[in-house]
Amino acid sequence: MSDSITITDNRTGESIEIPIADGGVDATEWRKLLPNVWFFDPGFMTTAACSSAITELDGDAGILRYRGYPIEELAANSSYIEVSYLLIHGELPTPAQFEAWNHEVTYHTFIHENMRKRFMEGFHYDAHPMGMLVSAIAALSTFYPEAKAIADAEIRHKQIVRLIAKMPTIAACAHRFYSGMPFVYPDNSKKFTENFLNMMFNPVEWVDYANPVLAKALDTLFILHADHEQNCSTSAMRVVGSSHADPYTACSAAAAALYGPRHGGANEQVVRMLTEIGSIDNVPDFVRSVKEGSGGRLQGFGHRVYKNYDPRATIIKQTAEEVFEVTGKNPLLDIALKLEEVALKDEYFLSRKLYPNVDFYSGLIYQAMSFPIDMFPVLFAIPRTSGWLAHWQELLEQDSRISRPRQLYIGEGERKYVPIDQR
Ligand code: ACO
């Protein structure tokens with residue numbers, strides 16, 4: 001075999017040849033030769049934890065495809081609702097399938113009144129909307145106890161529809177609560193993103209919430225954020241899903257993972273960083289401080305998988321221009337452009353293959369559209385829900401085993417317990 005590796009156990013002299021297929025090797029063979037010898041791989045840098053037919057990502061070539069369709073084509077021609085169908089079902093819908101899916105999602109947008117009045121309104125007045133969202137998703141499981149029947153395809157489908165449909169309602173509800181504004185009910189005559197903008201901002205006079213250009217731009221951002229194969233939050237979804245928890249509980253764990261600044265919180269950090277830099281003149285000093293380690297990381301730069309320009313960042317730059325034509329330019333844009341220009345000429349960033357990722361420009365668009373910074377990770381969670389659920393469904397169909405990695409124990413050896421008064 002030319003494309004293979006040979007592993008020899010020097011303790012026994014036994015060898016095994018394992019084919020390299022699709023760029024990797026199957027650990028099943030390795031396990032047969034070396035039972036109980038584990039592979040140390042913190043952060044899963046070299047471990048494929050599952051097989052998946054949903055999203056293809058080639059970080060070196062800057063390629064991202066959902067179910068085989070390039071992200072550029074989907075962003076230019078599709079809608080988030082269609083993309084969510086594609087991710088969940090594996091194929092683009094026929095017109096009849098699209099209509100049925102759109103109808104289902106549209107008519108599951110309402111949340112139980114107790115969810116809003118008792119649960120959401122129980123938070124402290126200035127609760128972070130992402131904290132509210134994470135908790136609210138988990139709370140949904142108590143409203144739909146049948147969701148536990150994860151082996152039933154019909155029940156699974158119902159929860160998938162509910163989750164995709166209710167995310168914008170919960171997100172807007174969290175925003176209205178912490179900004180002290182009355183809740184706006186879903187309007188099922190509107191399209192997905194139009195409805196969300198309406199629930200968020202109606203009747204705030206300084207926000208152009210009914211403008212179709214803004215609804216379209218948000219829809220494009222939702223397409224770009226809908227899935228990204230085995231990222232941190234999707235892995236959380238798969239790990240929790242593998243214990244056969246209901247989809248609301250698993251989705252809430254995924255949303256919790258997304259909350260972190262290294263993942264879905266990065267767009268929030270980008271805007272805070274640009275605001276702190278304050279002016280183009282301060283960019284070189286800031287870049288120097290990042291390189292020296294005193295300025296923290298350049299937020300919105302770098303990616304575990306992309307070692308080239310993130311293809312989503314290219315599309316977002318175009319979307320930003322369309323949005324700024326309506327809203328006026330975000331004053332932080334010039335600082336961002338300068339930062340990108342300086343970083344992309346700098347040996348530190350070039351040698352480490354650090355390029356702008358999806359979050360570098362998305363925050364500027366959200367800010368121009370009047371979304372408060374605290375809402376940024378929530379805006380990421382709304383579309384990523386369809387990706388999480390596509391992976392959850394795939395995981396169950398694969399009948400996969402419970403996720404349970406090994407560890408390298410580095411703690412104390414056996415010790416004798418010492419009573420507290422003798423310590
Ligand atoms: N700014 C400055 N240096 C960086 C950055 C950055 N943004 N990202 C990585 N580096 C440096 C590291 O210091 C390290 O340098 P070293 O080899 O001299 O020690 C090297 O590049 C490799 O970095 P790692 O941390 O090993 O890369 P990893 O793949 O683990 O991390 C991550 C990827 C978390 C995205 C990282 O690049 C980062 O923190 N970026 C900023 C936060 C961000 O934008 N996150 C959004 C990611 S996209 C998303 O979730 C949608």
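Numbering of ligands and ligand atoms starts at 1, following listing order.
- When side chains are defined from C-beta on, His103 counts as touching Tyr107, because their heavy atoms get closer than 4.5 Å.
- In the displayed structure, Glu276 atom CD is contacted under 6.0 Å by at most 12 heavy atoms of other residues, nucleotides or ligands.
- For Glu397, the CD atom counts as densely surrounded, since its 6.0 Å shell holds more than 12 non-hydrogen atoms of other residues, nucleotides or ligands.
- Using a heavy-atom distance under 4.0 Å as the criterion, the protein contacts of ligand 1 are Arg262, His263, Ala266, Val290, Arg297, Leu298, Gln299, Gly300, Phe301, Gly302, His303, Arg304, Tyr348, Arg352, Leu354, Asn357, Val358, Asp359, Phe380.
- Legend: residues meeting salt bridge (Lys or Arg N to Asp or Glu O under 4.0 Å) with Glu29, ordered by chain and number and at least two apart, are Lys32.
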Show which side-chain atoms of residues 168-181 pair as donor or acceptor with protein atoms under 3.5 Å away, not counting sequence neighbours.
{"residue": "Thr169", "atom": "OG1", "partner": "Thr109", "partner atom": "O", "Å": "2.6"}
{"residue": "Arg176", "atom": "NE", "partner": "Pro182", "partner atom": "O", "Å": "2.8"}
{"residue": "Arg176", "atom": "NH1", "partner": "Met199", "partner atom": "O", "Å": "3.3"}
{"residue": "Arg176", "atom": "NH1", "partner": "Met200", "partner atom": "O", "Å": "2.9"}
{"residue": "Arg176", "atom": "NH1", "partner": "Asn202", "partner atom": "O", "Å": "2.9"}
{"residue": "Arg176", "atom": "NH2", "partner": "Pro182", "partner atom": "O", "Å": "3.1"}
{"residue": "Arg176", "atom": "NH2", "partner": "Asn202", "partner atom": "O", "Å": "2.9"}
{"residue": "Ser179", "atom": "OG", "partner": "His175", "partner atom": "O", "Å": "2.4"}

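- With sequence neighbours excluded, the residues that form a side-chain hydrogen bond (donor to acceptor under 3.5 Å, both in side chains) with Asp334 are Lys329.
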